[in-house]
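First comes the structure, then the notes that go with it.
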Amino acid sequence: MRVRFGPSPTGITHLGSARTALYNYLLAKQTGGQFILRIEDTDQKRYDPAAENDLINSLKWLGLSWDEGPDVGGDYGPYRQSERKALYQEMAEKLVASGDAFYCFCSKEELDAQRQEQKRNNQHLRYAGTCRHISLQEAQARVAAGEEYVIRFKMPKEGTTKVVDSIRGEIEFENATLDDYILVKSDGLAVYHLATMVDDHFMKVTHVLRGEEWIPTFPLHARVIRALGWEEPEWVHLSLFLKPSGKGKMSKRDTEAMQQSGESIFIRDMMAMGYPPEGVINWVALMGWSYDDQTEFFTMDELIKKFSIEKLSAKNAAIDFKKLDHFSGLHVRNLSTEELAGRIRPFIEAEGYRVDEDTLLKLTPLLQPRLITLDEVPNWVRFIFEDEVTPGVEDLVPNGMDAATALAVAKGMLIILEEARALTHENIEQPIRDLAVEMDLKLGQVFHVLRMAVAAQAVTPPLIESMELLGKEKTIKRLKDGVHLLEELVNGASDE
RNA sequence: GCCCCCAUCGUCUAGGGGACUAGGACGUAGCCCUUUCAAGGCUAAGACCGGGGUUCGAAUCCCCGUGGGGGUACCA
């Protein structure tokens, strides 16, 4: 099985592309075939070199490696359509010679005017056929004379075109509703409709998985291939992704608004936010595909084993970022401590903190069940790496407790910590429990005082283990500061 | 306008004539566990778009309607 992913380098790689690439990749791996990366850059005007770079990074991050492509080469190159111009021209001329295509000399202005007219009369918006009947000799003469031209496919005016999609079955189109699509632009470069059909043939692509937005031009593609006397690949049209509301495709406005609220369909953003690629893959794989009525957790290896075209859905799917978070958390937890630690490190260092391997390895298990994305790490561990911490006095006193009691708790804690050889679970957990019992307080309240004093935040990883990482000296210093603050609060209150 | 695709809980989906009292997951609510927050466990609410057929029997097959989506470029 030979499959390809043919992105056009015009924008940032997003979810839709990622899924198409993924499914293609899975099929290739599953069958021991090849996954081809082909850059479809036939539109000079929209070409963006940054986009190609982003594409490569995104695919690599997701773990989708290709067997043939512009960077790795292969037996069927070049893998960049702009470098295959002559081939397309040759095939286009073949189509002209066989009467399946024709030269068209209509100017954009004329065509535009025609469209306006058709729109006014509520007619189908289609090429009027002006140059359809110009004789080949005359057309060739005009071309030779240097007149600007495009090459259009000559769509039959009668009959139907039947095509077969693997998940939808047969689809039939009335030829009369189809257009004489342009195959070669006036700049001499083929458009998608010709270029990818030609490439798929010469690159021996056996299965085409592409977005559903190609169904309207599906009959054109089939006819181009048939006119050239080639065999069609198996066609699979993937359903589209809709915005979270389910109302329509994602627009530029939508994606920008999304990024404002910390969500994004761009792979590079997910990378930056610290989503594990495994989670993104699992999530996106399940948008439009399912395995059975129970299984939802998949690693790449499992997807390679279990993916199948038959289980693909034709229904468009609304993007659900909550579900991405779910899969993200699942895969964070599925990572080994060492692996997760390695991925967490850059997020800690990006904050300007230095962390030794031993500390990192002890810290990671504390974080593992709590993380959705890795960019949350700094907020969890900041108090461990900062030299000082400044809790608000009022925050030191738990709800439903008075300042004097909080002070007593803090003092009690101080004694416990000072007496402990090291701040380990075995050394201090029981004494803390005893303290709570003695003072007739809930364990949570007692911990709250300690937590606020040591971390200056109400939510932390397990406190005892965190204090062990912080070190006895810093911990006690902070607790003492807390005691002072509470003393001031208590004294101040009694002064009034 | 015209062409095409699609239609099960809010969302992603299982289901391909009887196994359906319609299953799972996310989210939501509650409970358990618990030093905070999570994680984990349990429970609950929640869907077959409408109408006609076909059939002994339809979520499943057909038709119409409605709704949603896509296309309608010298973009892909």
Side-chain angles (χ1 to χ4, degrees), chain A residues 6-11 40-43 45-46 104 106-108 111-112 115 118-119 121-126 148-152 165 168 171-174 176-179 181-189 191-193 195-196 210-219 237 239-240 242 244-249 283 286-297 311 313-327 329-330 332-333 366-372 380 429 432-433 436 442-448 450-452 455 457-464:
Chain A
S8 78
T10 54
E40 309 207 334
D41 56 349
T42 51
D43 188 346
K45 295 187 291 292
R46 294 201 306 155
C104 170
C106 297
S107 71
K108 283 172 191 164
L111 295 172
D112 239 36
R115 259 194 295 271
Q118 289 170 340
K119 212 164 194 173
N121 300 335
N122 253 333
Q123 292 173 303
H124 300 189
L125 269 44
R126 272 206 305 279
E148 194 168 86
Y149 70 94
V150 300
I151 296 176
R152 315 183 81 113
D165 170 82
R168 275 159 271 257
I171 305 174
E172 188 170 2
F173 293 78
E174 289 287 339
T177 66
L178 269 16
D179 209 346
Y181 299 91
I182 287 173
L183 261 24
V184 177
K185 297 176 286 179
S186 55
D187 67 0
L189 240 183
V191 298
Y192 176 96
H193 305 309
T196 95
R210 52 163 18 175
E212 190 186 82
E213 68 268 25
W214 292 111
I215 291 183
T217 45
F218 190 3
H237 291 92
S239 62
L240 268 22
L242 273 23
S245 63
K247 302 282 180 207
K249 274 211 294 193
W283 176 52
L286 256 19
M287 295 178 71
W289 176 80
S290 63
Y291 178 65
D292 59 17
D293 62 343
Q294 298 292 325
T295 323
E296 292 221 308
F297 182 88
K311 303 285 279 180
S313 163
K315 196 186 157 193
N316 292 166
I319 293 170
D320 182 357
F321 288 106
K322 282 278 174 33
K323 200 136 189 175
L324 166 60
D325 285 350
H326 171 249
F327 282 116
L330 248 34
V332 164
R333 271 162 257 136
L366 305 183
L367 264 20
Q368 194 153 15
R370 280 162 251 270
L371 294 174
I372 296 294
W380 283 103
E429 190 192 5
I432 291 175
R433 286 180 181 280
K442 286 189 175 149
L443 231 208
Q445 293 180 298
V446 167
F447 261 100
H448 182 273
L450 181 60
R451 175 171 285 113
M452 285 310 305
Q457 49 190 60
V459 175
T460 68
L463 230 211
I464 296 176

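Every chain is numbered from 1, with letters handed out A, B, ... down the list of sequences. On a predicted model such as this, the values are computed, not experimentally measured, just so you know.
Panel note: side chain A:T295, backbone A:D292; no donor-acceptor pair is recorded below 3.5 Å. A donor-acceptor pair under 3.5 Å links the side-chain atoms of A:Q118 to the main chain of A:R126, judged by distance alone. A donor-acceptor pair under 3.5 Å is absent between the side-chain atoms of A:D179 and the main chain of A:Y181, judged by distance alone.
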Collect all protein-nucleotide pairs involving nucleotides 24-30 of chain B in which both atoms are nitrogen or oxygen and the distance is under 3.5 Å.
unit_1	atom_1	unit_2	atom_2	d
B:G24	O4'	A:D293	O	3.2
B:G24	N2	A:E296	OE2	3.2
B:A25	O4'	A:E296	OE1	3.2
B:A25	O2'	A:E296	OE1	2.6
B:A25	N3	A:K323	NZ	2.8
B:C26	OP1	A:H326	NE2	3.3

Would you tabulate the pairs of protein nitrogen or oxygen atoms and nucleotide nitrogen or oxygen atoms of nucleotides 66-72 of chain B closer than 3.5 angstrom?
unit_1	atom_1	unit_2	atom_2	d
B:G69	O2'	A:N316	OD1	2.8
B:G70	OP1	A:K249	N	2.8
B:G71	OP1	A:K249	NZ	3.1
B:U72	O2'	A:L125	O	3.3

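As judged by a 4.0 angstrom heavy-atom cut-off over every strand, A:K442 is placed among residues making no nucleic acid contact. When heavy atoms are screened at a 4.0 angstrom cut-off, A:T460 is found touching base atoms of the nucleic acid. Within 4.0 Å of A:F173, counting heavy atoms only, lie sugar-phosphate atoms of the nucleic acid but no base atom. Residue A:V191 is in sugar-phosphate contact alone, with no base atom involved, counting any heavy-atom pair closer than 4.0 Å across all strands shown. Heavy atoms of A:P462 sit under 4.0 angstrom from at least one base atom. Residue A:W380 is in base contact, counting any heavy-atom pair closer than 4.0 Å across all strands shown. If you check every strand for non-hydrogen atoms under 4.0 Å, A:G329 touches nothing. Here A:L463 lies in heavy-atom contact (under 4.0 Å) with a base.
Between A:I171 atom CD1 and B:C5 atom P the separation is 5 Å, expressed in whole Å. In this structure, CE of A:M287 is placed 7 Å from C1' of B:C12, rounded to the nearest angstrom. Atom CD1 in A:I215 sits roughly 7 Å away from atom P in B:C6 (whole-Å rounding). A:I372 places its CD1 atom 16 Å from the P atom of B:C37, with the value rounded to the nearest Å. When the C1' atom of B:U35 is taken as reference, atom CG of A:L366 falls 13 Å away, rounded to whole Å. The distance between atom CE of A:M452 and atom C1' of B:U35, rounded to the nearest whole Å, is 14 Å. What separates NZ of A:K108 from C1' of B:C75 is a distance of 12 Å, to the nearest Å. If you measure from atom CZ of A:R46 to atom P of B:C75, you get 9 Å, rounded to the nearest angstrom.
If you take atom P in B:U28 and the same atom in B:A22, they sit 26 Å apart, rounded to whole Å. Rounded to the nearest Å, the gap between the P atom of B:G46 and that of B:A7 is 25 Å. Taking the P atoms as reference points, B:C62 lies 24 Å from B:G69, given to the whole Å. Taking atom C1' on both nucleotides, B:G18 is separated from B:U55 by 12 Å, rounded to a whole Å. On the C1' atoms, B:A59 is 14 Å away from B:A19, given to the nearest whole Å. Straight-line distance between the P atoms of B:A29 and B:U13: roughly 24 Å, to the nearest whole Å. B:U54 and B:U60: their C1' atoms are spaced 13 Å apart (whole Å). Rounded to a whole angstrom, the distance from the P atom of B:G68 to that of B:C49 is 15 Å.
Between atom CG of residue A:L463 and atom NE2 of residue A:H448 there is a gap of 10.5 Å, rounded to the nearest 0.5 Å. Summarising the geometry, atom NZ belonging to A:K323 is positioned 4.5 Å from atom CD belonging to A:E296; distances are rounded to the nearest 0.5 Å. One finds the CG atom of A:L240 at 9.0 Å from the CD1 atom of A:I215 (value rounded to the nearest 0.5 Å). Separating the CD1 atom in A:I372 from the CG atom in A:L330 is a distance of 9.0 Å, to the nearest 0.5 Å. Here the CG-CH2 distance, from A:L371 to A:W380, works out to 7.5 Å after rounding to the nearest 0.5 Å.
Using the six-membered ring where Trp is involved, A:W214 and A:H193 have ring planes that are perpendicular, over 60° apart on the 30 and 60° scheme.
A donor-acceptor contact under 3.5 angstrom links the side-chain atoms of A:R370 to the base of B:C37. With hydrogens and angles left out, the side chain of A:T177 and the base of B:C3 share no donor-acceptor pair within 3.5 Å.
Contact annotation: A:K311 does not reach the phosphate of B:C12 (side-chain N/O to OP1 or OP2, under 4.0 Å). Residue A:K185 has a polar side-chain atom (N or O) positioned under 4.0 Å from OP1 or OP2 of B:C75. Residue A:K315 places at least one side-chain N or O under 4.0 Å from the OP1 or OP2 atom of B:U8. Dashed line: the shortest gap from a side-chain N or O of A:T42 to OP1 or OP2 of B:A76 is under 4.0 Å.
Mapped onto RNA chain B by nearest heavy atom, A:C106 and A:R168 fall at different nucleotides, with A:R168 at the one closer to the 5' end. For A:P244 and A:R333, each mapped to the nucleotide of RNA chain B holding its nearest heavy atom, the one lying further toward the 5' end belongs to A:P244.
Using N1 to N3 plus N6-O4 or O6-N4 for Watson-Crick, or N1-O2 and O6-N3 for G-U wobble, each under 3.5 Å, B:A39 pairs with nothing. The base-pairing partner of B:U60, taking Watson-Crick or G-U wobble contacts with both distances under 3.5 Å, does not exist among the strands shown. Across every strand in view, B:U72 sits in a pair with B:G1 that passes the Watson-Crick or G-U test at under 3.5 angstrom. B:U66 and B:A7 make up a base pair, with Watson-Crick or G-U wobble contacts both under 3.5 Å. B:U34: no Watson-Crick or G-U partner with both key distances under 3.5 Å is found in any strand. Here B:U28 sits opposite B:A44 as a Watson-Crick or G-U wobble pair (both hydrogen-bonding atom distances under 3.5 Å).
Of the candidate nucleotides B:C74, B:A38, B:U35, B:U35 has the atom nearest to the side chain of A:L443. Nearest nucleotide to the side chain of A:D43, out of B:C75, B:C74, B:G40: B:C75.
Under a 4.0 Å N-O distance rule, the pair A:K322/A:D325 does not qualify as a salt bridge.
Summarising the local packing, OH of A:Y291 is surrounded by 12 or fewer heavy atoms from other residues, nucleotides or ligands at distances under 6.0 Å.
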